[in-house]
Protein chains: 2
Amino acid sequence: MSEDGQEGDPVEIWCAGEEWCAVTATASLIGKKWHPVIVDRLLTNGPLGFNALKEAVDGISSKVLSDSLEDLEERGIVTREVISEKPFRVEYDLTERGRDLGPVIDAMRTWGKAHLVPADERES
Amino acid sequence: MSEDGQEGDPVEIWCAGEEWCAVTATASLIGKKWHPVIVDRLLTNGPLGFNALKEAVDGISSKVLSDSLEDLEERGIVTREVISEKPFRVEYDLTERGRDLGPVIDAMRTWGKAHLVPADERES
DNA sequence: CGGCATCCACATGGATACTG
DNA sequence: CAGTATCCATGTGGATGCCG
């Protein structure tokens, strides 16, 4: 910040070609506490309204969900579409780029299920 | 915290069986700014000493590296072995569990390389 | 070499309440 | 329904310096 043309932790233009850079940048995306859950939810339950998504994520406050969705929008992961004005309805959905996170989420889930033991069958 | 037998953001016993939980827990691990890089570095460059690792990660301060390694140790991702006492040497390496993060890192890298454009060839 | 001790700045998440 | 507005606690990273 206050350096060049970048603002904060910007869109999707961080790094050039270095391998680990793509990794870190991706980490800064799915490392946010709720981001992976939101993406997972949208992957599974299709397009969702704000409160429906809030229900699906379960445990998130509206402020944080709002913040997260804004972040995900800016990064081109989710889309926000206003469905109707009078009974005000919107729908959040994943972009192509967002759907491409599927394998990442899945790898994470696989690892988690393999190594995060359920609190009672700890071996060694 | 201050609930039951857990302390802070503990070892590896968060969630029981729910799918998204494994995802979130994994995110809390690889979401720390330097964790994925450290793991990646150790995956690539084999066992490393503290300063060698610091070099390899490039840009991290000793305090943060120290914190990160402690965290990763507690979670059973890396091992710390004292090689020699007199010229004091240690070596950090990945555990089996740590190596299993390979696919996750890889999925992240793949996504990153596909969607994080290098700041000059943005094609909307 | 391999850290730890401080201190600090800022990001992130959360609770609660209120609005169009 | 779909958020915004506050305010606050904590987490997380970073700079610098010192130590065994």
Side-chain angles (χ1 to χ4, degrees), chain A residues 1-3 6-10 14 24-25 27-38 41-42 47-75 78-93, chain B residues 1-3 6-10 14 24-25 27-38 41-42 47-75 78-93:
Chain A
M1 12 303 197
S2 79
E3 281 243 42
Q6 305 188 321
E7 55 271 289
D9 203 357
W14 295 284
T24 324
S28 92
L29 174 66
I30 43 73
K32 307 297 184 66
K33 185 165 178 183
W34 297 104
H35 285 198
V37 194
I38 294 171
R41 257 46 224 141
L42 288 174
L48 288 172
F50 187 86
N51 283 317
L53 188 52
K54 188 160 179 282
E55 288 298 303
V57 169
D58 187 39
I60 196 172
S61 74
S62 26
K63 180 225 174 190
V64 175
L65 178 55
S66 188
D67 288 354
S68 302
L69 286 171
E70 190 180 348
D71 189 22
L72 290 170
E73 248 188 284
E74 280 172 10
R75 300 180 190 235
V78 307
T79 56
R80 187 193 116 118
E81 189 180 357
V82 178
I83 300 298
S84 68
E85 287 287 355
K86 269 297 305 236
F88 192 40
R89 292 229 78 223
V90 296
E91 262 186 3
Y92 291 95
D93 202 359
Chain B
M1 8 296 195
S2 79
E3 281 241 42
Q6 304 187 319
E7 57 270 288
D9 203 357
W14 295 283
T24 324
S28 93
L29 175 66
I30 41 74
K32 306 297 185 69
K33 183 166 179 181
W34 298 103
H35 287 198
V37 194
I38 295 172
R41 258 46 227 140
L42 288 174
L48 290 172
F50 187 86
N51 283 318
L53 189 51
K54 188 160 177 284
E55 288 298 304
V57 169
D58 185 40
I60 195 171
S61 74
S62 26
K63 181 228 174 189
V64 175
L65 178 56
S66 189
D67 288 354
S68 302
L69 285 171
E70 190 181 346
D71 189 21
L72 289 169
E73 248 188 284
E74 281 173 9
R75 299 180 191 234
V78 308
T79 55
R80 187 191 118 120
E81 189 180 358
V82 178
I83 300 298
S84 68
E85 288 286 356
K86 269 299 303 243
F88 193 39
R89 293 230 77 223
V90 294
E91 263 186 1
Y92 292 94
D93 200 1

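Per chain, numbering begins at 1; letters A, B, ... match sequence-line order.
Distance, A:E81 CD to D:dC1 P: 19 Å, rounded to whole Å. The CG atom of A:L69 sits 8 Å away from the P atom of D:dG3 (whole-angstrom rounding). If you take CG of A:L72 and C1' of D:dG3, they are 16 Å apart, rounded to a whole angstrom. We find that CG of A:N51 is positioned 8 Å from C1' of D:dG3, with the value rounded to whole Å. Remark: P of C:dG3 and CG of B:L65 are 8 Å apart, rounded to the nearest angstrom. Here D:dT12 presents its P atom at 14 Å from CD1 of B:I38, a figure rounded to the nearest Å. For the pair B:L48 CG and C:dG3 P, the interatomic distance rounds to 13 Å; values are reported in whole Å.
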side-chain contact (heavy atoms from CB on, under 4.5 Å) evaluation trace for B:L72 with B:L29: CA-CA 8 Å; B:L72 289 169; B:L29 175 66; 4.0 Å; yes
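Overall bending of the helix from C:dC1-D:dG20 to C:dG20-D:dC1, expressed as the angle between end axes built from five pairs apiece, is 50° (10° steps).
Other residues, nucleotides and ligands contribute more than 12 heavy atoms inside 6.0 Å of the CD atom of A:E73.
Annotation: side-chain contact (heavy atoms from CB on, under 4.5 Å) contacts of B:E81 (sequence neighbours excluded): B:I83. Residues satisfying the side-chain contact (heavy atoms from CB on, under 4.5 Å) criterion with B:K33, sequence neighbours excluded, are absent altogether.
Looking at A:S68 and A:K32, their side chains never come closer than 4.5 Å, going by heavy atoms from C-beta outward. Proximity of B:R41 to B:L53: side-chain heavy atoms (C-beta onward) are separated by under 4.5 Å at one or more points.
Between B:Y92 and the phosphate of C:dC1, there is no side-chain N or O to OP1/OP2 separation shorter than 4.0 Å.
Within the structure, salt bridge (Lys or Arg N to Asp or Glu O under 4.0 Å) contacts touching residues 82-93 of chain A (residues at least two apart or in different chains) are A:D93-A:R99.
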For nucleotides 13-20 of chain C, give me one character per nucleotide, 5' to 3': B if any protein heavy atom sits under 4.0 Å from the base, S if the only such contacts are to the sugar-phosphate, - if neither. BBB-----
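In plain terms, the two heavy atoms of A:D71 and A:H35 that are nearest each other are OD2-CE1, 2.8 Å.
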